[in-house]
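Written out below as structure tokens is the structure these notes cover.
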Amino acid sequence: DSVVEWVEVNYPRLRRVVVTSFSVGGQYVQRWAALSPEGANGVTRSRGLPLRIIVGSPSTLVYLSEERPDPACEPDKDQEPHWNCRNFSIPSPRRNCNSQWNKYWIGLDGLHDGASSEGQLRHDVNQYLR
């Protein structure tokens, strides 16, 4: 958040802000985008400039709900070029990593510590992504 604000202050002729990232930086920026109030409604907080966030090739993603891609959506299988997984569900006990599958770094469980509430956090994140 402070980097975006610093850029806005130090470059007054700026018309838009683009935050890009790749690999482990992609992991970091995707988590920042999911949890920061910066960029709500697609604009920066201080000057209201358009904000675009581009995340490239993160090795993990934070899922914003308890649902995960169904087993039929295996990304390592040879799929057609424009194939999309459209089936999501809560993992079965056999596939849920000893109930750790939604803990933070992949899910949102545990992030409510220090926040107003986990439900509010999920609501805020979902509003941000619309």
Side-chain angles (χ1 to χ4, degrees):
D1 294 349
S2 59
V3 171
V4 172
E5 186 176 337
W6 181 90
V7 168
E8 287 183 299
V9 167
N10 289 284
Y11 295 91
R13 296 178 61 192
L14 195 66
R15 294 183 299 173
R16 73 182 59 86
V17 176
V18 178
V19 177
T20 63
S21 59
F22 187 79
S23 192
V24 74
Q27 290 175 257
Y28 178 82
V29 168
Q30 192 256 346
R31 286 158 175 78
W32 168 75
L35 301 172
S36 171
E38 193 69 67
N41 301 312
V43 297
T44 61
R45 288 187 302 169
S46 61
R47 287 185 40 206
L49 296 175
L51 175 62
R52 173 179 259 177
I53 300 167
I54 302 170
V55 174
S57 197
S59 61
T60 62
L61 296 170
V62 170
Y63 286 91
L64 302 177
S65 77
E66 296 175 341
E67 295 180 333
R68 301 292 185 269
D70 280 344
C73 298
E74 298 282 333
D76 296 333
K77 294 182 181 175
D78 188 17
Q79 306 290 352
E80 61 193 64
H82 302 288
W83 179 82
N84 281 320
C85 176
R86 298 187 192 281
N87 300 318
F88 291 81
S89 62
I90 294 176
S92 68
R94 185 174 64 82
R95 294 179 56 103
N96 74 9
C97 302
N98 297 318
S99 299
Q100 301 293 310
W101 57 275
N102 203 42
K103 297 278 185 193
Y104 178 70
W105 76 273
I106 294 179
L108 295 179
D109 285 355
L111 277 178
H112 64 282
D113 299 339
S116 57
S117 73
E118 184 172 5
Q120 183 63 44
L121 177 64
R122 287 180 193 271
H123 171 76
D124 293 348
V125 168
N126 286 328
Q127 288 295 107
Y128 175 78
L129 293 173
R130 287 187 183 159

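In what follows, residues are counted from 1 in the order of the sequence shown.
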Report summary line: Interatomic distance, CD1@I90 vs CD@E67, rounded to 0.5 Å, equals 6.0 Å
Report task. For side chain to side chain contact (heavy atoms under 4.5 Å, CB included), just list the numbers for S59 and Q27, CA-CA rounded to whole Å, side-chain angles, deciding distance to a tenth of an Å, and then say yes or no. Result -> CA-CA 7 Å; S59 61; Q27 290 175 257; 3.0 Å; yes
Query raised in the report: Any chance CZ of R52 has more than 12 other-residue heavy atoms, nucleotides or ligands included, within less than 6.0 Å?
Result: no
Query raised in the report: Mind checking whether R68 and P91 have side chains closer than 4.5 Å, heavy atoms only?
Result: yes
Report summary line: Heavy-atom closest pair (A33 atom, I53 atom, distance to 0.1 Å) is CB-CD1, 3.7 Å
**Report entry** Side chain Q30, main chain P58, donor-acceptor under 3.5 Å
**Finding:** no
Report task. Could you check if a side-chain atom of P69 sits within less than 4.5 angstrom of a side-chain atom of Y63, using non-hydrogen atoms only? Result -> yes
Query raised in the report: What residues, two or more places apart in sequence or in another chain, satisfy salt bridge (charged side-chain N to carboxylate O under 4.0 Å, His left out) together with R45?
Result: D1, E38
Review item, side-chain donor-acceptor pairs of residues 11-18, under 3.5 Å, at least two apart:
none

Query raised in the report: Do I54 and T20 come within less than 4.5 Å of each other through their side chains, counting heavy atoms only?
Result: yes
Query raised in the report: Is a side-chain donor or acceptor of T44 paired with a backbone partner of L49 at a separation under 3.5 angstrom?
Result: yes
Report task. For atom CZ of F88, decide whether the heavy atoms of other residues, nucleotides or ligands shown that lie under 6.0 angstrom number more than 12. Result -> yes
Report task. Would you kindly confirm whether V29 and F22 end up in one hydrophobic cluster when ILVMFWY residues are joined by side chain heavy atoms under 4.5 Å apart? Result -> no
Report task. Considering only Ile, Leu, Val, Met, Phe, Trp and Tyr, and joining two whenever side-chain heavy atoms are under 4.5 Å apart, list the other residues clustered with V9. Result -> none
Query raised in the report: What pair of heavy atoms forms the shortest contact from S21 to V55, and how long is it?
Result: OG-CA, 3.6 Å
Query raised in the report: For E5, does the CD atom sit with more than 12 other heavy atoms under 6.0 Å from it, leaving out its own atoms?
Result: no
**Report entry** Y28-L51 co-clustered via ILVMFWY side chain contacts under 4.5 Å
**Finding:** yes
Query - Exercise: do S46 and E8 side chains pair donor with acceptor under 3.5 Å - result: yes
Report summary line: Heavy atoms of T60 and R31 approach each other most closely as OG1-NH2, 2.9 Å
Query - Donor-acceptor contact below 3.5 Å, side chain S23 vs main chain G25 - result: no
